[in-house]
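One structure is given below, encoded as structure tokens.
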Amino acid sequence: MKNVGTPPPVDVAGTEGHAAQQGAASHGDGRTRHAVARLLLERGPITAAAVADELGLSPTAVRRHLDVLVAEGEAYTREASPRSRRGRGRPAKLFLLTEVGRARFGHAYDDLAVAALRFIAEHEGEQAVREFADRRIAALVANHREVLAAATDPAKRAEVLADALTREGYAASTRSVGSGEQLCQHHCPVAHVAADFPQLCEAETAAFAEVLGTHVQRLATIANGDAACTTHVPTARFADPGGDTSDTVQTSADPVPKGRQNTAPIPDGGESV
């Protein structure tokens, strides 16, 4: 009978130590890559050799980090001009950051937008801010009017609108709830600006009511501190027991009710109606 021996004990401490070393190495790579990217930001277009000289790294290490930045869409290359070429051989590659790469260092676009809108409000009045907000959302919706008009009912139009908003950077989705659909925008590119200028949210809600062809109600907004911008889109009309249906055929938009501001949304960003 074959005697099977017991396996050797696992060196837990050694395994954990190896994992810690890998984590430290990864953290170090991240810091070095950030330094490489910053040099591209400040000195680009720049060659790999110049980056290596500036940071005191080996050309091989620098090229590895540059290759990762290019592969992740944060940097791109172009050839140096013939006039800057020294000697014979292939022209040197120059490295530059893309807009994605620049984004890792942040932008002041929100501050600029807020300052611009404050200037408009001070010199032209609040109505001018409202007109700007209306024109902005009208331009966004205009690109999708035909496909929205082709949808047969409010529920379908809400789905089409969610797809359109996603293409515009709002990461939108819909979910069915009782008397209608909830349109959830999980990202808002202008949330920081809208926190100071709620006219942006109000104009957006009114535009939703217009393109969906039904009364809608904004339940929550990212600008107000909620997890998502949530808009209720009714898909069924309920007749009043006394026969008055005047409240069931509106196409206006309600702002976030004061009593419901800062309410806690349900897990996927919606809220019960």
Side-chain angles (χ1 to χ4, degrees), residues 99-100 103 106-107 109-111 113-114 117 129-130 132-151 153-235 250-273:
E99 283 302 313
V100 174
H107 292 298
Y109 296 154
D110 287 348
D111 293 340
V114 169
L117 287 176
V129 175
R130 164 58 102 168
F132 167 82
D134 289 342
R135 181 172 297 186
R136 173 190 168 273
I137 191 63
L140 185 150
V141 170
N143 297 326
H144 310 282
R145 279 193 177 275
E146 288 187 14
V147 67
L148 282 164
D153 58 76
K156 181 60 178 176
R157 281 195 291 272
E159 293 179 14
V160 173
L161 179 57
D163 290 340
L165 290 170
T166 295
R167 289 194 291 273
E168 299 290 346
Y170 287 82
S173 63
T174 59
R175 64 188 297 270
S176 297
V177 288
S179 62
E181 297 287 318
Q182 281 189 353
L183 174 64
C184 298
Q185 297 156 252
H186 305 281
H187 175 65
C188 177
V190 297
H192 294 297
V193 181
D196 287 330
F197 291 93
Q199 295 95 325
L200 294 172
C201 296
E202 293 165 6
E204 185 178 275
T205 307
F208 289 176
E210 192 263 320
V211 298
L212 294 173
T214 185
H215 173 80
V216 302
Q217 184 179 27
R218 183 58 65 88
L219 303 176
T221 63
I222 294 173
N224 196 45
D226 296 297
C229 297
T230 307
T231 305
H232 180 67
V233 182
T235 55
Q250 301 176 32
T251 57
S252 60
D254 287 343
V256 180
K258 291 183 179 180
R260 298 187 66 175
Q261 290 181 352
N262 290 323
T263 53
I266 57 180
D268 61 354
E271 183 176 293
S272 300
V273 178

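- The distance from the OG1 atom of T205 to the NE2 atom of H232 is 13.5 Å, given to the nearest 0.5 Å.
- Counting all heavy atoms, side chain and backbone alike, F197 lies closest to V114 at CE1-O, 3.8 Å.
- Applying the salt bridge (charged side-chain N to carboxylate O under 4.0 Å, His left out) definition to pairs two or more places apart or across chains, none involves residues 181-195.
- L140 places none of its side-chain heavy atoms less than 4.5 Å from the side chain of E204.
- Residue K156 holds its NZ atom at 14.0 Å from OG1 of T235, rounded to the nearest 0.5 Å.
- A158 and L183 get closest at one heavy-atom pair: O-CD1, 4.0 Å.
- Residues forming a salt bridge (Lys or Arg N to Asp or Glu O under 4.0 Å) with D153 (at least two apart in sequence, or on another chain): none.
- The shortest side-chain heavy-atom distance between L161 and L212 falls under the 4.5 Å cut-off.
- A side chain to side chain contact (heavy atoms under 4.5 Å, CB included) with V233 is found for one member of T174, V177, T214 and no other, namely T214.
- Between V141 and A207, the shortest heavy-atom distance links the atoms CG2-CB, 4.5 Å.
- Heavy-atom minimum distance, T221 versus C201: CG2-SG, 4.4 Å.
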With a cut-off of 3.5 Å and sequence neighbours excluded, list every side-chain donor-acceptor pair involving residues 165-172.
from: T166; atom 1: OG1; to: A162; atom 2: O; distance (Å): 2.9
from: T166; atom 1: OG1; to: A172; atom 2: N; distance (Å): 3.0
from: T166; atom 1: OG1; to: A172; atom 2: O; distance (Å): 3.1
from: E168; atom 1: OE2; to: H144; atom 2: NE2; distance (Å): 3.0
from: Y170; atom 1: OH; to: R136; atom 2: NH2; distance (Å): 2.7

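- For A113, the side chain to side chain contact (heavy atoms under 4.5 Å, CB included) test picks out V193, with sequence neighbours left out.
- Residues meeting the side chain to side chain contact (heavy atoms under 4.5 Å, CB included) test with A133, sequence neighbours left out: Q199, L200, A203.
- Residues satisfying the salt bridge (Lys or Arg N to Asp or Glu O under 4.0 Å) criterion with R135, sequence neighbours excluded, are absent altogether.
- To the nearest 0.5 Å, the span separating CD on Q185 from OG1 on T230 amounts to 8.5 Å.
- Counting only heavy atoms from C-beta outward, the side chains of Q182 and L219 approach each other to under 4.5 Å.
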